[in-house]
Amino acid sequence: MIQSIVHIALVVNDYDEAIDFYTKKLHFELVEDTYQPEQSKRWVVVSPPSSNGTTILLAKATRKVQESFIGNQAGGRVFLFLGTDNFDRDYSEMVNKGVEFVRPPKAKNMEKLQSSKIYMVTYGI
C-alpha cells in the first residue's frame, strides 16, 4: 500500500489575504482556486515553488470556533517547516517583505539547519 499526505488544511481569515501572503511574500505557487457553489466556499491550494509534495489548503474560517485557531493551528507548537536551498537569502527577503518570525534564527542552530534550512512563519500558523 502506498499512501501520502496530499493537503494540509490551514484555517485562514480571508482567502485573498492568505493567497497574497503565500504567493507574494513566500513565493508559493497558487495551484488551484476554485469556487464551490454547493458549499459557498473556495478550494484554494498553494505550494512552495517547484514542490511536488504536500500542498496547503487555505480554508476560510466560517464559524467562531474555527476563527479561534487562526494563528494557533497547533496550539503554540511549530506547525509547518519550510525547506529552502538558501536560508540566508530567503530569510532576509521574507523579513524585508514584512513576514513576522516568532524569533530570529540562532547561530548555534544554524549548523544543524545547514542541510534542511528550516524556519517558521506566523501567518495562519
Side-chain angles (χ1 to χ4, degrees):
M1 175 186 315
I2 299 174
Q3 297 179 334
S4 63
I5 306 247
V6 179
H7 307 295
I8 294 176
L10 185 70
V11 182
V12 298
N13 206 24
D14 178 82
Y15 291 118
D16 295 320
E17 181 182 88
I19 290 170
D20 188 61
F21 177 84
Y22 281 96
T23 61
K24 293 183 179 168
K25 292 188 177 185
L26 301 185
H27 296 290
F28 277 36
E29 297 171 355
L30 179 61
V31 176
E32 184 175 357
D33 184 357
T34 305
Y35 180 67
Q36 299 179 321
E38 64 281 353
Q39 296 178 329
S40 190
K41 62 174 128 177
R42 291 160 60 183
W43 181 263
V44 179
V45 179
V46 295
S47 73
S50 303
S51 176
N52 60 0
T54 305
T55 61
I56 297 174
L57 172 67
L58 302 175
K60 183 179 177 184
T62 57
R63 296 180 293 167
K64 286 285 183 200
V65 68
Q66 293 170 345
E67 290 174 4
S68 69
F69 289 98
I70 296 170
N72 192 23
Q73 304 286 328
R77 301 292 305 219
V78 176
F79 180 57
L80 299 173
F81 293 85
L82 178 64
T84 177
D85 63 342
N86 187 325
F87 179 87
D88 294 326
R89 174 200 66 211
D90 292 347
Y91 180 77
S92 294
E93 184 175 334
M94 288 178 196
V95 168
N96 289 335
K97 289 185 175 191
V99 174
E100 294 180 35
F101 288 80
V102 172
R103 61 184 167 274
K106 294 181 181 180
K108 69 178 184 177
N109 291 334
M110 293 307 291
E111 286 181 31
K112 284 198 283 188
L113 300 178
Q114 286 304 315
S115 60
S116 59
K117 314 274 180 143
I118 58 175
Y119 49 91
M120 188 181 98
V121 294
T122 59
Y123 182 88
I125 297 176

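Nothing fancy with the numbering, it's 1 onward along the sequence.
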Separation between [atom1] of [X] and [atom2] of [Y], rounded to the nearest 0.5 Å:
X     : Y     : atom1 : atom2 : value
Glu32 : Leu57 : CD    : CG    : 9.0 Å
Ile19 : Asp14 : CD1   : CG    : 8.5 Å
Gln39 : Thr62 : CD    : OG1   : 10.0 Å
Glu93 : His27 : CD    : NE2   : 3.5 Å
Asn72 : Ile70 : CG    : CD1   : 11.0 Å
Glu29 : Ser51 : CD    : OG    : 8.5 Å

Note, [X] side chain near [Y] side chain (heavy atom, < 4.5 Å):
X     : Y     : value
Tyr35 : Ser40 : yes
Lys64 : Gln66 : no
Val45 : Phe28 : no
Phe21 : Val99 : yes
Arg42 : Asp16 : yes
Gln73 : Val11 : yes
Ile8  : Leu10 : no
Met94 : Leu82 : yes

### Task
Verify the neighbour count for atom CG of Asn52: are there more than 12 heavy atoms of other residues, nucleotides or ligands below 6.0 Å?
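No - once you tally the heavy atoms of other residues, nucleotides and ligands closer than 6.0 Å, there are 12 at most.
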### Query
Closest approach of Lys97 and Lys24, non-hydrogen atoms and distance?
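Nearest pair, atom of Lys97 first, then Lys24: NZ-O, 2.9 Å.
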### Task
Grab the two heavy atoms, one from Leu30 and one from Thr23, that are nearest each other, plus how far apart they are.
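Answer, listing the atom of Leu30 first, then Thr23: N-CG2, 4.1 Å.
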### Query
Taking Ser4 for the side chain and Val6 for the main chain, is one N or O donor matched with an acceptor at less than 3.5 Å?
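It does not hold such a pair.
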Report yes or no: do [X] and [Y] belong to one cluster of Ile/Leu/Val/Met/Phe/Trp/Tyr joined by side chain heavy-atom distances under 4.5 Å?
X     : Y     : value
Val12 : Val31 : no
Ile5  : Trp43 : no
Leu26 : Val44 : yes

#### Entry: Qualifying residues under ring-ring contact (aromatic ring centres under 6.0 Å, His included), relative to Tyr15, sequence neighbours excluded
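ring-ring contact (aromatic ring centres under 6.0 Å, His included) check on Tyr15 returns nothing, list empty.
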### Task
Quick one: list whatever passes salt bridge (Lys or Arg N to Asp or Glu O under 4.0 Å) with Arg89, sequence neighbours left out.
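Listed in chain order: Asp85.
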